[in-house]
Protein chains: 2
Amino acid sequence: MFLAVAEGGTVRAAADMLAVNHATIIRGIGRLEEKLSTKLFDKLPSGYKLTDAGADIVELAGQMSSASAQIEAKIFGRDQSISGPLRLTLPVSFATDLLMPTLADFSAAYPNIALEIIGSGSVVNLSNREADVALRVVIGNGAPPDNLYGTRLGGFHTGYYVRRDLLEVRSKPVAWLLGANEAVPSDWQPAGGITTTATPIRFAEMRSQYEAARAGMGISILPCFLGDADPLLARVPGGPVARAGDIWLLTHADTRRTKRVRLLCDQIHAAMRGFAPRLAGQVDGGGAELA
Amino acid sequence: MFLAVAEGGTVRAAADMLAVNHATIIRGIGRLEEKLSTKLFDKLPSGYKLTDAGADIVELAGQMSSASAQIEAKIFGRDQSISGPLRLTLPVSFATDLLMPTLADFSAAYPNIALEIIGSGSVVNLSNREADVALRVVIGNGAPPDNLYGTRLGGFHTGYYVRRDLLEVRSKPVAWLLGANEAVPSDWQPAGGITTTATPIRFAEMRSQYEAARAGMGISILPCFLGDADPLLARVPGGPVARAGDIWLLTHADTRRTKRVRLLCDQIHAAMRGFAPRLAGQVDGGGAELA
DNA sequence: CGCCAGCGGTGCGCCATTGCACCTCCTCGG
DNA sequence: CCGAGGAGGTGCAATGGCGCACCGCTGGCG
């Protein structure tokens, strides 16, 4: 409870995290403060804010939580049955647009495995066993952390996409739809008479960037497996297709020997091998013939 | 609860450690096993014995417990008031025969400090904050652990003691009363016509060794502050008085800046300075004149 | 051979903890 | 200027955990 409130900032946010009533949180924190005879939070109208004393112990509380999670992981790792919980975290776009059929097959093949899919908007901590298997995108040439076992599933490419009808009308300049860290490309210009506006529109999440492109707001850099598969989108003439990074499949050290972790990893691995052309942008999709 | 059962071996021993009913332990362990859906203990008629799975997580459970204790220590360390709990651990002989008046004075001077005295038959773990201040005897020339702050209070000497009337009667040979690791001295013999038996009687605890000497069972090696102060005992003629080791006063890194820890340490420090002659065996006590 | 001490296990009454509903207060925006 | 929404806080009923007393079992000892 202490960690949840410290992280969430409010009692109600912590209650949502722990799936309990917010009154329980209030009284639990109250009991903790009484037991330690120390005020851990300043109760402001805007929420709970850590006091100095509270900040001092947040790290130690994290150690307790981590140890608890590792106990679950160790016990989970001993379980070789093909029933029980199994939590997978992966980027939402991979889940909805690429692997959903694969995951549906897996769930149908092993109905006793309670598969939980966590779209990783925020970074899920695999070390604390908030998930058992993680599919992660590493931009550029990176490597996963040491205490996690990972296999590289291959690279993926991105291209420049725009709504198909904007290629034909060419009425007015279109905007650049960029992620938080992307820059307007300086080494090429859209061919075919397309003009662009000067100031880009930025998006914090790739999903909304994709939806903006579908809505015809402008040109966006998207993974090829997303853009090519969407009949509404087309590649921008002259736009380069470049390798954006690698896809890794990570498992926790304590649980990777588990039967159901192995089964899921094998299935994802096989599926991703089949998806390699789509990931590399080598499949004729909506606008491939224009590239 | 899990740690207590793993350490104690039986449910009832764990219940005593935690000062709860043994039924609570049974149901608590039951809930834990249900939550992890794993058997952690083999329920034998002789007690609870760790399974492989249970042994796997005992270390992690220890980490949780340690982190919890460190939280208490950090909070305790921030508390600069002269009220609240304060736990001191020291060998029982020091508590009862040397420092009890000092501790009584301290308790009278600061009535709001709840002083708890823990006779350290077993080794109390200061790192886990089972105590705040520890007075420890180091045999020979040792040093305390790194993460504890300690000051040397000085050395103490031991001598050879026997019940006074046995010096006068000399009816029959007396036995050697030795600790677990002591040996029959080879470089001297009792003077004054005292004869000794060949096989020593051994004691696991110094306290029972002392009581055996008072009962007239034989010759025992005792700290001088104990033997000299007891009118029933006298030094064995010819018996050497030798430095046995050092006395250290240890405090936890997180709590040593606390006001009440400082106060107690200062008072013990001052008292022990006054006790230096008695500790060195330089005070005329019960049998000093016979030395 | 029987007694007894110590072990784990369980039914019952009680109380702490929880969840629900509702409250006040503050803030922000129309 | 006021209403809506979201923050913390609280009374009430129900549930779940706890302590007590008691049970069956085993193993050692007179």
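So you know, we letter chains A, B, ... as the sequences are listed, proteins then strands, and number each from 1.
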Exercise for review: Can you tell me the distance, in whole Å, between the CD1 atom of B/I29 and the C1' atom of C/dC7?
Suggested key: 16 Å
Exercise for review: Dot-bracket for DNA chain C, please, read 5' to 3', with Watson-Crick or G-U wobble pairs under 3.5 Å on both distances, ( ) within the strand, [ ] crossing, | other strand, . unpaired.
Suggested key: ||||||||||||||||||||||||||||||
Exercise for review: Output yes when A/K43 and A/E33 qualify as a salt bridge under the 4.0 Å nitrogen-oxygen rule, no when they do not.
Suggested key: yes
Review point. Between the base of D/dG6 and the side chain of A/R12, is there any donor-acceptor pair under 3.5 Å?
Key: no
Practice item. Specify the separation, in whole Å, of atom CD1 of B/I25 and atom C1' of D/dC20. Key: 16 Å
Review point. Side-chain donor-acceptor pair under 3.5 Å between A/E72 and A/S68, yes or no?
Key: no
Exercise for review: Check every atom of C/dT10, C/dG8, C/dG19 against the side chain of B/A23 and return the nucleotide holding the closest atom.
Suggested key: C/dT10
Point to revise | Position toward the 5' end of DNA chain C (nearest nucleotide), A/H22 or B/Y48 | key: B/Y48
Point to revise | Whole-Å distance separating the CZ atom of B/R31 from the P atom of C/dT17 | key: 13 Å
Study note, to complete from the structure: Between A/K259 and the options A/L264, A/I82, A/I113, the side chain to side chain contact (heavy atoms under 4.5 Å, CB included) test singles out A/I82
Practice item. Validate the cation-pi geometry between A/K49 and A/F41: distance from NZ or CZ to the six-membered ring centre under 6.0 Å, angle to the ring axis within 45°. Key: no
Practice item. Tell me which nucleotide among C/dT17, C/dC26, D/dG19 gets nearest to the side chain of A/P45. Key: C/dC26
Check your understanding: Quick one: is C/dG19 close enough that its OP1 or OP2 comes under 4.0 Å of any side-chain N or O from A/T24?
Key -> yes
**Study point:** Integer-rounded Å distance: D/dA7 C1' and A/L44 CG
**Key:** 11 Å
**Study point:** Value in whole Å for how far the C1' atom of C/dG6 lies from CD1 of B/I26
**Key:** 13 Å
**Study point:** Residues A/R78 and A/D254 bridged, charged N to O under 4.0 Å
**Key:** no
Check your understanding: Does a salt bridge link A/D97 with A/R207, judged by any charged N lying under 4.0 Å from a carboxylate O?
Key -> yes
Review point. Hey, is the side chain of B/R27 pairing donor to acceptor with the base of C/dG9 inside 3.5 Å?
Key: no
Review point. Rounded to whole angstrom units, what separation is found between the CG atom of B/N21 and the P atom of C/dG9?
Key: 14 Å
Check your understanding: How close or far is atom P of D/dG17 from atom CG of B/L32, stated in whole angstroms?
Key -> 13 Å
Check your understanding: Is it true that A/R214 and A/E211 have a side-chain N and a carboxylate O under 4.0 angstrom from each other?
Key -> yes
Check your understanding: Can you check the A/L18 CG to C/dG19 P distance for me, whole Å?
Key -> 10 Å
